[in-house]
Amino acid sequence: MTWSEHALTQLEQAGYRRGGARESVVELLSRQNCCLSAQEIHDGLRKARRRVGIASVYRALETLAELRLVKRVDAGDGIARYEPAAADGNHHHHLVCRDCGKVEAFNDPRLERAIDRVAGGLGYSVEEHEVVLAGVCADCG
């Protein structure tokens with residue numbers, strides 16, 4: 001089952017009807033490879049000729065976050081971004097350019113092992129984590 005199918009099923013089971021802004025936001029997010037701000041989501045929907053207001057985008061994201069279907073990403077620039085939360089816990093981390101604001105996803109199995117090692121050494125069982133690295137991208141550097 002794809003993330004969008006899972007999300008739409010969970011929304012329906014939570015009593016939300018199909019269609020409208022929630023479904024449009026889910027469909028757009030399912031095609032992304034990294035996080036987007038509410039404004040970027042709204043712009044993407046407008047570009048696709050979907051008539052969804054920005055307030056509806058915020059409400060849809062709030063609902064999706066409450067149901068733990070999206071993950072809110074704080075890239076350190078004061079702009080909340082959102083991306084699908086994989087049901088299997090699979091995730092990535094983010095690089096943020098302080099100059100142009102570009103956000104890029106990255107995976108690093110060694111980093112994941114190091115996080116588990118540090119947490120385990122302190123007696124923690126990590127349920128979730130987020131790593132955001134800030135700097136200057138190649139285009140700006």
Side-chain angles (χ1 to χ4, degrees), residues 1-120 122-141:
M1 178 182 285
T2 65
W3 175 81
S4 61
E5 292 168 335
H6 170 72
L8 293 172
T9 299
Q10 292 299 308
L11 283 164
E12 192 171 321
Q13 288 177 354
Y16 295 97
R17 56 190 170 98
R18 288 187 81 115
R22 281 184 297 275
E23 189 165 347
S24 294
V25 169
V26 166
E27 289 172 3
L28 186 129
L29 282 174
S30 72
R31 295 188 301 268
Q32 304 307 308
N33 64 357
C34 199
C35 53
L36 295 173
S37 69
Q39 186 63 56
E40 290 168 328
I41 292 168
H42 181 253
D43 292 346
L45 292 173
R46 284 182 51 215
K47 187 175 181 181
R49 302 204 188 284
R50 289 304 221 356
R51 296 175 53 99
V52 176
I54 188 73
S56 295
V57 170
Y58 277 106
R59 282 192 301 274
L61 290 169
E62 184 177 316
T63 299
L64 293 167
E66 286 172 5
L67 295 173
R68 301 183 130 216
L69 295 169
V70 295
K71 180 179 171 186
R72 184 179 188 274
V73 177
D74 178 6
D77 59 0
I79 299 171
R81 292 179 175 83
Y82 300 86
E83 63 188 8
D88 64 3
N90 193 18
H91 66 283
H92 58 251
H93 300 292
H94 301 93
L95 290 158
V96 180
C97 179
R98 292 273 188 225
D99 287 352
C100 70
K102 178 170 54 175
V103 179
E104 294 187 69
F106 76 93
N107 292 305
D108 188 333
R110 294 170 301 170
L111 177 60
E112 297 299 323
R113 288 190 299 273
I115 289 168
D116 289 341
R117 189 174 56 254
V118 168
L122 295 170
Y124 282 77
S125 174
V126 174
E127 295 174 2
E128 66 180 64
H129 63 273
E130 182 177 326
V131 175
V132 177
L133 303 177
V136 179
C137 71
D139 295 336
C140 294

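The basis for the numbers below is simple: all heavy atoms, side chains too, and nothing from hydrogens, waters or symmetry mates. These figures come from a predicted structure and were not determined experimentally.
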**Q** Would you find a donor on one side and an acceptor on the other, under 3.5 Å apart, between the side chain of H42 and the backbone of V52?
**A** yes
**Q** After noting the C-alpha distance and the side-chain angles of E112 and H93, does the key distance pass the side-chain hydrogen bond (donor to acceptor under 3.5 Å, both in side chains) rule?
**A** CA-CA 10 Å; E112 297 299 323; H93 300 292; 2.6 Å; yes
**Q** Measure the spacing between OG1 of T63 and CG of L11 and express it to the nearest 0.5 Å.
**A**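 So the OG1 of T63 and the CG of L11 are separated by 7.5 Å.
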**Q** R22 versus L64: any side-chain heavy-atom pair under 4.5 Å?
**A** no
**Q** Before giving the answer on side-chain contact (heavy atoms from CB on, under 4.5 Å), spell out for T9 and Q13 the whole-Å C-alpha distance, their side-chain angles and the decisive distance to 0.1 Å.
**A** CA-CA 6 Å; T9 299; Q13 288 177 354; 3.7 Å; yes
**Q** Between E40 and C35, which heavy-atom pair has the shortest distance, and what is it?
**A** OE1-O, 4.4 Å
**Q** Would a 4.5 Å heavy-atom cut-off, applied to side chains only, mark Q32 and L28 as touching?
**A**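 A side-chain contact exists here, since the closest heavy-atom pair is under 4.5 Å.
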**Q** Does atom CD of E128 have more than 12 heavy-atom neighbours, drawn from other residues, nucleotides or ligands, at distances under 6.0 Å?
**A** no
**Q** Give a yes or no on this: more than 12 heavy atoms of other residues, nucleotides or ligands lie within 6.0 Å of atom CZ of F106.
**A**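 Counting neighbours around CZ of F106, more than 12 heavy atoms of other residues, nucleotides or ligands fall under 6.0 Å, so yes.
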**Q** What I'd like to find out is whether the side chain of C34 reaches to under 4.5 Å of the side chain of H92, using heavy atoms alone.
**A** yes
**Q** Do H94 and E130 have a side chain donor and acceptor closer than 3.5 Å?
**A**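 The criterion, which ignores hydrogens and geometry beyond distance, is not satisfied for E130 and H94.
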**Q** Step through the shown structure and confirm whether more than 12 heavy atoms of other residues, nucleotides or ligands are within 6.0 Å of CD on E127.
**A** no
**Q** Keeping R31 on the side-chain end and E27 on the backbone end, is there a donor-acceptor pair under 3.5 Å?
**A** yes
**Q** Rounded to the nearest 0.5 Å, how far does OG of S56 lie from CG of L61?
**A**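 Nearest 0.5 Å value for the CG-OG distance: 11.0 Å.
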**Q** Does E83 form a salt bridge (charged side-chain N to carboxylate O under 4.0 Å, His left out) with R81? I'd like the steps, not just the answer.
**A** CA-CA 7 Å; E83 63 188 8; R81 292 179 175 83; over 6 Å; no
**Q** Under 4.5 Å between any side-chain heavy atoms of S30 and T2, yes or no?
**A** no
**Q** Roughly how far, to the nearest 0.5 Å, is the CZ atom of R46 from the CD1 atom of I41?
**A** 14.5 Å
**Q** Sequence neighbours excluded and cut-off under 3.5 Å, please list the side-chain donor-acceptor pairs for residues 67-76, or say none.
**A**
| residue | atom | partner | partner atom | Å |
| --- | --- | --- | --- | --- |
| D74 | OD1 | G76 | N | 2.9 |

**Q** Taking C-beta and beyond as the side chain, do V25 and L36 meet within less than 4.5 Å on heavy atoms?
**A**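 Side-chain contact under 4.5 Å: no.
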**Q** At their closest point, which heavy atom of A119 faces which heavy atom of V126, and how far apart are they?
**A**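 That closest heavy-atom pairing would be CB-CG2, 3.2 Å.
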**Q** Where is the tightest heavy-atom contact between W3 and V26, given as atom of each residue plus distance?
**A**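 Heavy-atom minimum between the residues: CZ3-O, 3.3 Å.
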**Q** Nearest 0.5 Å, please: how far is CD1 in I115 from CG in D108?
**A**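 The distance works out to 9.0 Å.
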